[in-house]
Amino acid sequence: MLVDNVLEIKKLTKSFGTQLVLDDVSLSLKKGVIYGLLGANGAGKTTIIKSIFDLVKPNSGEIYLFGEQMPQSVEQYKKLGSIIEMPVFYENMTVEENLLLHCDYMGGQFKGNIDNVLQNVGLINEKKKKIDQLSVGMKQRLGLVRALLNEPELLILDEPINGLDPEGIIDFRNLILSINQTYGTTVLISSHILIEVFKIADTIGIVAKGKLVKEVSKIAIEEMGVGIEEYYLSLVKEGVSI
Ligand code: ATP
């Protein structure tokens, strides 16, 4: 793979029973990009992301993280931060206790980052609250805190803006842009909310019915003079709703 590719997926195929959910998917993320993986519900976005973490076993294909083939090279997972589906926490523990526990899982490092990341994500006042006192949107933000604690080189976010209120979406957008620009963190973000992802992504991958139908730069779409919704619909045929 190219040295500057943080993530490279080659010819990934996955079936659940007789249902083919990933069909020869290949994609690559260059260092420092924000890559938006767009597609309808059920298109296969989460299955792609779970495959990166070996949570789903592909039938065929290869995945490389930082140039090393996965899942052989487990060390590479430590360079990732992620939110996959709805983040889960210990409900009867506080925000801080959950984050300390997460740091322990990662070998005791990064405890010193907790306050700073809570502050950046707007949750510092919730630090001593138990998880069952948090709203859905707050839990989503906390998922982002947990994903950022280990200063990841690659941040993988599956539908991260689900459950966020308008202010939360704006905060989230600014935070991702700031992390990307300040630390050069590469970001893979999946969503069916086209416009929001288009605002921050510089590369777009469009998934439909298990296929990556297009990988294109944001600039190229803008130069065509079309909006992301129009562009998306021109690629995704009838039968796929968004
Ligand atoms: P959404 O936007 O709704 O999260 P998605 O693009 O992430 O959708 P996936 O969750 O990857 O889509 O699902 C792709 C297809 O695979 C769907 O038809 C789904 O029902 C199916 N699928 C996913 N996981 C499993 C599983 N463990 N067993 C059987 N089928 C599954």
Side-chain angles (χ1 to χ4, degrees), residues 7-29 33-63 65 70-71 77 80-89 136-137 139-144 146-147 154-165 168-169 172-173 176 186-201 203-216 221 228-229 231-242:
L7 170 67
E8 190 158 342
I9 292 176
K10 288 183 183 172
K11 296 181 166 293
L12 205 63
T13 298
K14 175 66 185 174
S15 298
F16 288 112
T18 55
Q19 187 191 2
L20 182 63
V21 296
L22 295 182
D23 184 4
D24 201 23
V25 170
S26 298
L27 60 83
S28 56
L29 268 72
V33 299
I34 300 181
Y35 188 111
L37 195 59
L38 301 180
N41 292 133
K45 305 180 297 294
T46 302
T47 307
I48 294 172
I49 287 175
K50 285 187 172 174
S51 302
I52 299 169
F53 290 89
D54 203 33
L55 298 170
V56 157
K57 303 275 181 205
N59 297 101
S60 60
E62 293 164 14
I63 295 175
L65 269 176
M70 306 304 291
Y77 292 126
L80 306 184
S82 65
I83 303 179
I84 302 176
E85 298 180 319
M86 207 46 208
V88 176
F89 300 95
V136 170
K139 286 184 194 172
Q140 197 71 1
R141 285 177 190 232
L142 186 56
L144 188 58
R146 190 168 59 187
L154 171 60
L155 192 55
I156 298 182
L157 307 171
D158 185 23
E159 303 281 0
I161 52 182
N162 285 358
L164 293 182
D165 58 20
I169 291 175
F172 172 82
R173 188 198 305 152
I176 296 299
T186 310
V187 183
L188 172 63
I189 173 170
S190 92
S191 186
H192 55 269
I193 305 173
L194 304 180
I195 290 174
E196 274 309 321
V197 171
F198 195 64
K199 281 179 187 160
I200 59 171
T203 309
I204 298 288
I206 295 181
V207 187
K209 295 181 178 170
K211 281 183 181 289
L212 189 86
V213 293
K214 196 78 184 178
E215 194 171 70
V216 60
I221 299 175
I228 182 63
E229 289 184 340
Y231 182 74
Y232 176 88
L233 290 172
S234 73
L235 289 170
V236 177
K237 303 287 181 280
E238 67 278 358
V240 180
S241 60
I242 191 135

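In listed order, ligands and their atoms are each counted from 1.
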| said: How far is atom 20 (O) of ligand 1 from the closest protein heavy atom, and which atom is that? | reply: Q19 OE1, 4.5 Å
| said: Between E215 and S26, is there a side-chain heavy-atom distance shorter than 4.5 Å? | reply: no
| task | Could you tell me whether atom 12 (O) of ligand 1 has a protein heavy atom closer than 4.0 Å? | result | yes
| Does a side-chain heavy-atom distance below 4.5 Å link L22 with V56? | no
| remark: d(I228 CD1, I195 CD1) to nearest 0.5 Å is 9.0 Å
| Does A43, backbone or side chain, put an N or O under 3.5 Å from an N or O of ligand 1? | yes
| message | Less than 4.5 Å apart, side chain to side chain, heavy atoms only: is that true for R141 and L164? | response | yes
| query | Nearest protein heavy atom to atom 31 (C) of ligand 1, by residue and atom, and its distance? | reply | F16 CD1, 3.2 Å
| field | Closest protein heavy atom (residue, atom, distance) for atom 9 (P) of ligand 1 | value | T47 OG1, 3.6 Å
| remark: d(L27 CG, L7 CG) to nearest 0.5 Å is 6.0 Å
| Nearest protein heavy atom with distance in Å, relative to atom 14 (C) of ligand 1 | G42 O, 3.3 Å
| Tell me: protein heavy atom nearest atom 10 (O) of ligand 1, and distance? | T46 CB, 3.5 Å
| message | For E159, which part has a heavy atom under 4.0 Å from ligand 1: side chain, backbone, both, or neither? | response | side chain
| query | With a 4.5 Å heavy-atom cut-off, do S51 and I63 have their side chains touching? | reply | yes
| request: Just need the protein heavy atom nearest to atom 2 (O) of ligand 1, so name the residue and atom and give the distance. | output: K45 NZ, 2.8 Å
| said: So, taking the atom named NZ in K14 and the one named OG1 in T47, what distance separates them when rounded to the nearest 0.5 Å? | reply: 8.5 Å
| message | Yes or no: does G44 have any heavy atom under 4.0 Å from an atom of ligand 1? | response | yes
| note | Looking only at protein heavy atoms, what sits closest to atom 3 (O) of ligand 1 is N41 ND2, 3.1 Å
| In terms of side-chain heavy atoms, does D158 have a donor or acceptor partner in S190 at a distance below 3.5 Å? | yes
| request: Look at ligand 1 and say whether A40 reaches it with a heavy atom at a distance under 4.0 Å. | output: yes
| field | Which residue and heavy atom of the protein sit nearest atom 21 (C) of ligand 1, plus the separation | value | V21 CG1, 3.9 Å
| said: So, 4.0 Å and heavy atoms of E85: is ligand 1 close enough to count as a contact? | reply: no
| Counting only heavy atoms on the protein side, is anything nearer than 4.0 Å to atom 23 (C) of ligand 1? | yes
| Contact summary for P71 and Y77, nearest pair of heavy atoms | CB-OH, 3.5 Å
| said: Is the shortest side-chain heavy-atom distance between I176 and I189 below 4.5 Å? | reply: no
